[in-house]
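Structure first, commentary second.
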Amino acid sequence: MTETEKDGWSGTIKGRPEIGQSAERSRTTTMQDILAFTEMTGDRNPVHYNKALAEKTSFGKLIVQGGVTTGILNACVAEDLPGPGTVFLGVEWKFLKAVGIDEEISGRVEVTEVRADKPICKLRTTVRDASGELCLDGTATTYTMPLEGL
């Protein structure tokens, strides 16, 4: 970037991330997650609530909604990398394994591309269970709003 080019990351809380930089968060899912997500969205799919039915499905257990699984990635992006002021512009996620109740999951984001002229980057996104199995794999494009001085 030359001196006359604008730094698109100016004013962002954490500044421009570097390619290869990563952030990770872990948490254990709960029945409360399912209830809260249902309250927000109206998703009352029986695989989230009817244990007897869910045990007969290919999942073999009650599972949390996909939005609960991906929520950990929202936290990684908004809090850690790229950080406060960041929103998703687009995602391409593939769900590989269902997440059940009382399961520990870890969400990870890794920077794969960064624009210098605009606060936009591409991330590799994953969610793994406690045994390290991939539950979600994909990519995300993010935009980070300048918040300093507001």
Side-chain angles (χ1 to χ4, degrees), residues 1 5-49 54 57-148 150:
M1 182 167 42
E5 292 177 335
K6 180 184 175 224
D7 178 6
W9 293 84
S10 177
T12 61
I13 300 294
K14 293 196 172 189
R16 182 177 7 177
E18 299 291 326
I19 292 175
Q21 193 174 350
S22 65
E24 187 170 333
R25 285 180 172 241
S26 297
R27 67 179 303 274
T28 300
T29 61
T30 66
M31 188 64 192
Q32 186 57 41
D33 294 330
I34 290 175
L35 297 172
F37 195 82
T38 296
E39 181 66 27
M40 288 186 302
T41 65
D43 179 351
R44 290 180 177 77
N45 187 327
V47 298
H48 308 307
Y49 285 96
T57 69
S58 58
F59 303 123
K61 61 187 176 187
L62 285 175
I63 60 170
V64 300
Q65 295 98 329
V68 173
T69 301
T70 62
I72 198 166
L73 297 172
N74 291 64
C76 282
V77 165
E79 299 294 327
D80 304 321
L81 184 66
T86 303
V87 296
F88 287 115
L89 293 178
V91 297
E92 187 172 323
W93 286 333
K94 184 171 184 176
F95 291 86
L96 303 170
K97 182 181 178 195
V99 174
I101 299 168
D102 298 325
E103 290 185 12
E104 184 178 335
I105 57 172
S106 295
R108 185 175 192 275
V109 298
E110 180 180 343
V111 178
T112 59
E113 294 178 36
V114 180
R115 286 185 58 170
D117 63 326
K118 293 184 180 181
I120 293 174
C121 63
K122 291 193 178 185
L123 307 169
R124 163 106 193 272
T125 54
T126 58
V127 176
R128 294 181 183 274
D129 65 14
S131 66
E133 287 188 65
L134 209 51
C135 300
L136 176 145
D137 192 16
T139 59
T141 302
T142 61
Y143 173 78
T144 305
M145 291 174 266
L147 298 178
E148 288 185 349
L150 293 182

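Just so it is clear, the structure is predicted and the values come from calculations on it, not from any experiment. We're numbering straight along the sequence, starting at 1.
Each side chain to side chain donor-acceptor pair (under 3.5 Å) pair with one or both residues in residues 134-143, not counting sequence neighbours, appears once here: Arg124-Asp137. Sorted by first and then second residue, the salt bridge (charged side-chain N to carboxylate O under 4.0 Å, His left out) pairs involving residues 29-49 (not counting sequence neighbours) are Arg27-Asp33.
Formation of a donor-acceptor pair under 3.5 Å by the Glu79 side chain with backbone atoms of Cys76 is not found in this model. With hydrogens and angles disregarded, a donor-acceptor distance shorter than 3.5 Å links the side chain of Thr112 to the backbone of Lys122.
Remark: Trp9 engages no residue in a ring pair (Phe, Tyr, Trp, His ring centres under 6.0 Å) (not counting sequence neighbours). With sequence neighbours excluded, the residues satisfying side-chain contact (heavy atoms from CB on, under 4.5 Å) with Ala23 are Asp80, Leu81, Val109. Arg128 pairs by the side-chain contact (heavy atoms from CB on, under 4.5 Å) definition with Leu134, not counting sequence neighbours. When the side-chain hydrogen bond (donor to acceptor under 3.5 Å, both in side chains) test is applied to Glu110, the partners found at least two apart in sequence or on another chain are Arg108. In terms of the side-chain hydrogen bond (donor to acceptor under 3.5 Å, both in side chains) criterion, residue partners of Ser26 (sequence neighbours excluded) are, by chain and number, Ser106.
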Could you tabulate the donor-acceptor pairs under 3.5 Å formed by side-chain atoms of residues 58-71, not counting sequence neighbours?
residue	atom	partner	partner atom	Å
Lys61	NZ	Glu103	OE2	2.7
Gln65	NE2	Ile34	O	3.4
Gln65	NE2	Thr38	OG1	3.1
Thr70	OG1	Gly66	O	3.3
Thr70	OG1	Gly67	O	3.3

Side-chain atoms of residues 84-101: list all donor-acceptor pairs with protein atoms under 3.5 Å, sequence neighbours left out, distances to 0.1 Å.
residue	atom	partner	partner atom	Å
Thr86	OG1	Gly83	N	3.4
Thr86	OG1	Gly83	O	2.6
Thr86	OG1	Thr144	OG1	2.8
Trp93	NE1	Thr125	OG1	2.8
Lys97	NZ	Asp129	OD2	2.4
Lys97	NZ	Glu133	OE2	3.3

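Atom SG of Cys121 is separated from atom CD of Glu113 by 9.5 Å, given to the nearest 0.5 angstrom. In this structure, the separation between OG1 on Thr29 and CE on Met31 is 11.0 Å, given to the nearest 0.5 Å.
When side chains are defined from C-beta on, Pro119 does not count as touching Pro82, because their heavy atoms never get closer than 4.5 Å.
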(request) Using the side-chain contact (heavy atoms from CB on, under 4.5 Å) rule, take Thr12 and Leu147 through it: C-alpha gap first, then chi angles, then the decisive distance, then the call. (result) CA-CA 6 Å; Thr12 61; Leu147 298 178; over 6 Å; no
